[in-house]
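This report concerns only the one structure given below.
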Protein chains: 2
Amino acid sequence: MSTSLSNAPYHHGNLRHALLDAALLMLQRDGEAGLGLRDLARAVGVSPAAPYRHFDSRAALLEALAVTGFQRFTAAMNAVAASQPPDLLAAMGQAYVRFALDNAALFRLMFSPQLKRDNRPGLRMAADAAFATLRQVRDGDSASGRIAALAAWAKVHGLAVLLLDGQIALQPGEDIEALIGAIIGQH
Amino acid sequence: MSTSLSNAPYHHGNLRHALLDAALLMLQRDGEAGLGLRDLARAVGVSPAAPYRHFDSRAALLEALAVTGFQRFTAAMNAVAASQPPDLLAAMGQAYVRFALDNAALFRLMFSPQLKRDNRPGLRMAADAAFATLRQVRDGDSASGRIAALAAWAKVHGLAVLLLDGQIALQPGEDIEALIGAIIGQH
DNA sequence: ACCTGAACACCGTTCAAGT
DNA sequence: ACCTGAACACCGTTCAAGT
């Protein structure tokens, strides 16, 4: 809310940060489609051309946002692993889904087809780093370990996406955390 | 390819169909973001305002496209169930993922956050119908049946989405159908 | 080095007017 | 009833010019 009032000169590299901060707010409020570069410039109090000193295009801005999303996601995953919970897999699954629900628009952007990972090595690296911790939980060396890890990943990711889309209906009085736990418990 | 050459008068309700057909082609070629209403009108050989006689907005056109996607998906699922395969759950899972991979852009549109199902009863109904068959496989009446059904659904849907996004890497020489089967087999 | 102002080539959408 | 032509209010992006 203070971003739109600031008229200080952005001459020390802070415009990039100010743009990313404001963009995250706009993303959470209006979704990816509602995140306009001109709106963003307006919100930060700068001319429509100014963002182009810091981002090549709107897509590049979105990519930077998605990369920070993966970094936060990585941190959340590592924090769970570091806390050494009794059931690591279940705890990471819970954290995975919770992150998606708590950061809906950002999570969707991280997996948006608009940002093709093929042409964006920075995004691919950030995504790979995020899933590295997840892979270690069950992976091991055996082939069956790999399949089990992929199956667990797919289940948790699918659960996150379906909940995000409102496809899974909660039963009256049902706790969402409990539902997540029950579904993850179904090995 | 013949669509752009037609200059016949669209005066008998065929413009709506022509628009949807051309839109599906554009969607598959350029993705949702590349599907412009003016481009579409150009491709069909009609003025920029003409589509508005048949669709309230670009979003309404996308919704109609998504609804046909769910209808095709429903048909594919019902076909599998009707063929009475030995392992119904595995067969439906295979068909689910195969549909996603064979109709990537359409599948993404069906689950696009751009189309909020809350405000679009037609889309919600089409989606519910599509998943009804899937639910019957494992659902039953018991609470554990519901959880098992949701877990299977989440796993298959997550697998489809992660494959679509290129997040799951195939090992050298690995067959994708076999991978799908192995992951679905992990109950 | 970083930002402004004005422009370019587009959009989606509306509306009078044509047939 | 269905479509056209022209317009409106926007976009993302570029580029000369300012400081």
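In what follows, every chain begins at residue 1, and chains take the letters A, B, ... in the order their sequences are listed.
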### Message
So that I can tick it off, tell me whether R146(A) and E174(B) are bridged by a salt bridge, with the cut-off set at under 4.0 angstrom between side-chain N and carboxylate O.
### Response
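Judged by the 4.0 Å cut-off on N to carboxylate O distance, E174(B) and R146(A) do form a salt bridge.
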dC3(D), dT4(C), dC11(C): which one has an atom nearest the side-chain heavy atoms of A50(B)?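 The listed nucleotide nearest to A50(B)'s side chain is dC3(D).
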Could you check whether the side chain of R53(B) and the base of dT4(D) have a donor-acceptor pair of N or O atoms closer than 3.5 Å, going by distance alone?
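Side chain to base: no pair below 3.5 Å.
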Legend entry - Flag if over 12 foreign heavy atoms under 6.0 Å of CZ, R72(B):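 No, because the 6.0 Å sphere around CZ of R72(B) holds 12 heavy atoms or fewer from other groups.
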Subject >> 5' priority, DNA chain C, between R38(B) and P48(A) [closest heavy atom] >> reply: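 Its nearest nucleotide being more 5', the pick is P48(A).
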Distance in angstrom units between [X] [atom1] and [N] [atom2], rounded:
{"X": "L19(B)", "N": "dG12(C)", "atom1": "CG", "atom2": "C1'", "value": "15 Å"}
{"X": "L40(A)", "N": "dC11(D)", "atom1": "CG", "atom2": "P", "value": "12 Å"}
{"X": "R58(A)", "N": "dT13(D)", "atom1": "CZ", "atom2": "C1'", "value": "13 Å"}
{"X": "H54(B)", "N": "dC3(D)", "atom1": "NE2", "atom2": "C1'", "value": "9 Å"}
{"X": "L37(A)", "N": "dC10(D)", "atom1": "CG", "atom2": "C1'", "value": "14 Å"}
{"X": "F55(B)", "N": "dG12(C)", "atom1": "CZ", "atom2": "P", "value": "14 Å"}
{"X": "Y52(B)", "N": "dA16(C)", "atom1": "OH", "atom2": "C1'", "value": "17 Å"}
{"X": "D56(B)", "N": "dC15(C)", "atom1": "CG", "atom2": "C1'", "value": "16 Å"}

| message | Both distances below 3.5 Å, Watson-Crick or wobble geometry, any strand: find the nucleotide opposite dC8(C). | response |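 Partner of dC8(C): dG12(D).
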Identified pairing partner of dC3(C), criterion: Watson-Crick or G-U wobble below 3.5 Å: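 The base-pairing partner of dC3(C), which may sit in any strand shown, does not exist here.
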query = Hey, what's the ring geometry for F111(A) with F107(A), parallel, tilted or perpendicular (30° and 60° as the breaks)?
reply =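 Rings of F111(A) and F107(A): tilted, 30 to 60°.
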* Determine, step by step, whether F131(A) and H157(A) satisfy the ring-ring contact (aromatic ring centres under 6.0 Å, His included) criterion, reporting the C-alpha distance in whole Å, the side-chain angles of both residues, the deciding distance to 0.1 Å, and the verdict. => CA-CA 11 Å; F131(A) 300 128; H157(A) 189 77; 7.3 Å; no
